[in-house]
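I have placed the structure first, in the form of structure tokens, so that the comments after it can refer back to it.
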Protein chains: 2
Amino acid sequence: MTSAPTWPGSFGTEPKRKKRTLSRELIVETALRVVDTEGLDALNMRRVAQELGTGAASLYAHVANKDELLSLLLDRVYADLRHPAPDPERWREQAKDFLRQARNNLVAHGDLARAAMEQNIPTSPAALDSAEAMLALLRAGGLPEQVCAYGVDVISLYMVATAVEESSRTKPGEQRGEGSAQPYLDGIRGFFGSLPAERYPLIVAMAGPLTRNVGDERFEFGLDLLLDGLVAQAGRTFD
Amino acid sequence: MTSAPTWPGSFGTEPKRKKRTLSRELIVETALRVVDTEGLDALNMRRVAQELGTGAASLYAHVANKDELLSLLLDRVYADLRHPAPDPERWREQAKDFLRQARNNLVAHGDLARAAMEQNIPTSPAALDSAEAMLALLRAGGLPEQVCAYGVDVISLYMVATAVEESSRTKPGEQRGEGSAQPYLDGIRGFFGSLPAERYPLIVAMAGPLTRNVGDERFEFGLDLLLDGLVAQAGRTFD
DNA sequence: TCTACTTACGAACGCTGTTCGTGTCAAGTA
DNA sequence: TACTTGACACGAACAGCGTTCGTAAGTAGA
């Protein structure tokens with residue numbers, strides 16, 4: 001097919017094509033989708049730009065750099081949390097529910113948790129809301145201020161660390177499900193069991209318990225451990 | 001100065017220069033030095049090769065890739081740990097000593113802890129030795145098998161996570177010391193204090209306790225919390 | 001001496017984050 | 001209406017990084 005000739009400056013020239021419109025929110029949502037489907041390591045400026053039908057350089061009008069994009073991603077995810085109204089009679093169960101929620105929320109985005117590990121101090125709006133909510137629950141439980149202050153740190157570290165741990169057991173972009181970690185843990189179990197027993201008697205003997213994978217049992221164990229341990233610090237003094 | 005002419009194949013030819021000799025151990029030690037002085041982000045194959053007076057490609061005869069180098073680095077660091085002989089009468093104090101040792105050992109290498117976060121299951125010789133030692137201590141305390149199995153996971157996560165947290169408060173390559181985290185925490189304290197009190201009443205009111213920085217108090221708090229909490233799980237049943 | 005294997009390592013490749021320079025568009029002003 | 005300014009869009013290019021490929025050198029064994 002022969003293309004029609006183009007006449008410069010002729011009457012009725014076709015109007016210039018409108019530039020596409022980006023926004024910070026659009027970029028963040030797109031980046032989150034990339035992480036969800038392909039994992040954190042697949043997230044790069046070109047990949048996000050490709051999804052948006054533009055070039056990587058275009059993103060820099062809206063986000064300073066990739067680090068900022070990651071911060072925005074995390075804040076976006078933390079914004080999905082619902083904060084309970086503290087009830088002194090039920091603070092403990094509320095705390096556990098909230099932490100389950102927080103962890104599931106983070107785990108739902110696969111290995112994004114790895115980025116969360118590097119930004120543990122809450123500085124963004126949603127993360128601060130989350131920290132405030134957790135503090136409120138611990139205070140509702142009547143724990144002393146300093147115990148709550150240190151406690152919220154320990155608890156947060158645990159929550160994020162377990163999310164990282166969980167994500168390392170599934171493939172990037174893969175949805176976490178009942179058996180998603182099983183193949184990995186089976187492999188570890190086999191590895192533990194095959195170690196030389198004279199050097200690692202306990203690991204070999206306990207390969208099964210070490211790699212036990214029953215729903216959220218491991219996380220729940222940690223929650224009880226943390227809260228029992230926290231309550232036990234109520235009488236602690238600080239110089 | 002006019003250079004002396006070079007005669008090909010002449011008598012008394014100067015012997016060929018000997019190729020330098022690398023080794024996996026040398027590469028690991030060099031990489032560790034780079035991390036110690038410049039931080040984890042400065043660690044790359046070219047940087048290590050430069051320190052060794054060679055090219056990055058040379059390293060690949062000894063390490064498969066950068067990931068393997070990181071694994072070797074961590075194993076190298078874990079190898080510095082001394083493992084206590086468990087004493088049932090003192091298992092708890094021994095556990096705390098061991099964890100202090102493990103954390104200080106990791107923290108001594110600055111932000112290398114971030115790499116440790118991504119390899120939480122012990123698979124290398126030294127890490128396995130460490131896990132075995134920790135298990136031995138918990139078992140010496142008479143705790144049930146499954147409690148020890150899950151406990152060693154929680155404790156390990158906490159130890160590594162706090163090392164990561166610690167490293168995020170000092171500059172890469174900077175030695176951790178008494179006041180190294182103070183400027184950072186002062187900044188956070190100021191930030192917390194300046195937040196809108198109607199949205200964040202507890203964070204604003206507790207800015208001081210939240211950013212309290214007294215020696216290893218925060219870590220020690222976590223140790224007691226964890227061990228108290230662990231002991232409290234002794235009677236727990238698992239389906 | 002020759003062969004085979006191991007190690008050493010430069011050049012080059014693909015990928016990633018980011019900057020620079022140019023173009024486009026919209027709003028405001030004269 | 002024409003011009004100016006600022007914000008946004010975005011290709012080309014740059015520097016840096018992990019890694020591979022091909023070639024060279026050294027060593028051990030036959």
Side-chain angles (χ1 to χ4, degrees), chain A residues 8-9 13-32 34-35 37-74 111-112 114-115 118-119 172-173, chain B residues 6 8-9 13-32 34-35 38-74 111-112 114-115 118-119 172-173:
Chain A
T13 305
E14 199 168 302
K16 294 289 187 180
R17 179 169 154 190
K18 214 165 145 118
K19 280 188 146 182
R20 77 187 69 260
T21 303
L22 300 177
S23 71
R24 177 178 279 203
E25 289 68 42
L26 182 60
I27 292 167
V28 171
E29 290 295 333
T30 305
L32 191 54
V34 170
V35 174
T37 54
E38 298 166 38
L40 187 61
D41 288 338
L43 178 67
N44 65 61
M45 308 306 266
R46 285 176 172 81
R47 183 71 194 84
V48 177
Q50 184 185 38
E51 281 292 310
L52 292 168
T54 184
S58 310
L59 307 188
Y60 291 92
H62 302 268
V63 299
N65 48 50
K66 188 174 171 186
D67 271 351
E68 186 180 61
L69 178 59
L70 287 172
S71 296
L72 291 168
L73 265 189
L74 287 168
D111 56 352
L112 181 64
R114 287 161 48 210
E118 315 220 9
Q119 299 195 32
Chain B
T6 304
T13 304
E14 200 166 306
K16 294 288 185 178
R17 178 169 154 189
K18 207 162 152 124
K19 280 189 150 183
R20 76 187 68 260
T21 301
L22 300 177
S23 71
R24 177 178 278 201
E25 288 69 42
L26 182 61
I27 291 168
V28 172
E29 289 296 332
T30 305
L32 191 54
V34 169
V35 173
E38 297 165 42
L40 188 60
D41 287 338
L43 178 67
N44 65 64
M45 307 308 268
R46 286 175 172 81
R47 183 73 193 84
V48 177
Q50 182 185 39
E51 280 294 306
L52 293 168
T54 184
S58 310
L59 308 188
Y60 291 92
H62 301 269
V63 299
N65 47 50
K66 191 178 171 186
D67 272 351
E68 186 179 62
L69 179 59
L70 287 172
S71 297
L72 292 167
L73 265 189
L74 287 168
D111 57 351
L112 182 63
R114 285 159 52 210
E118 315 220 6
Q119 301 194 28

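Quick note on labels: first sequence line is chain A, next is B, and so on, each numbered from 1. Only heavy atoms go into these numbers, but all of them, side chains included; no hydrogens, no water, no symmetry mates.
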Arg24(A) CZ to dA7(D) C1', straight-line distance once rounded to whole Å: 15 Å
Positions of residues 43-54 of chain A (non-hydrogen atom under 4.0 Å from DNA chain C), listed by number: Leu43(A), Asn44(A), Met45(A), Arg46(A)
Side-chain polar contacts of residues 54-64 of chain A - donor-acceptor pairs under 3.5 angstrom, sequence neighbours left out - could you list them?
residue  : atom : partner  : partner atom : Å
Thr54(A) : OG1  : Ser58(A) : OG           : 2.8
Ser58(A) : OG   : Gly55(A) : O            : 3.2

Leu72(A) side, atom CG; Glu29(A) side, atom CD - distance, nearest 0.5 Å: 11.0 Å
Test item: Leu32(B) and Leu112(B) side chains (from C-beta on) under 4.5 Å apart, heavy atoms: yes
Any donor-acceptor N/O pair, Asp111(B) side chain to Leu40(B) backbone, under 3.5 Å: yes
Between dT16(C) (C1') and Leu59(A) (CG): distance, integer Å: 13 Å
Results of side-chain contact (heavy atoms from CB on, under 4.5 Å) for Gln50(B) - residues two or more places apart only: Arg47(B)
Interatomic distance, Ile27(A) CD1 vs dC10(D) C1' [rounded to whole Å]: 12 Å
Rounded distance (Å) that lies between atom P of dG16(D) and atom CD of Glu38(B): 14 Å
Residues forming a side-chain hydrogen bond (donor to acceptor under 3.5 Å, both in side chains) with Thr30(A), sequence neighbours excluded: none
Under the side-chain contact (heavy atoms from CB on, under 4.5 Å) test, residues paired with Asp67(B) that sit two or more places apart: Asn65(B), Leu70(B)
Contact residues, residues 61-74 of chain B to DNA chain D [heavy atom, < 4.0 Å]: Asn65(B), Lys66(B)
Nearest listed nucleotide, side chain of Ala57(B), among dA11(C), dG11(D), dG18(D): dA11(C)
Phosphate OP1/OP2 of dC9(C) contacted by Ser58(B) side-chain N/O (<4.0 Å): yes
Protein-nucleotide distance (Tyr60(B), atom OH; dG22(D), atom C1'), rounded to Å: 17 Å
Interatomic spacing from CG in Leu69(B) to CG in Leu43(B) - rounded to 0.5 Å: 6.0 Å
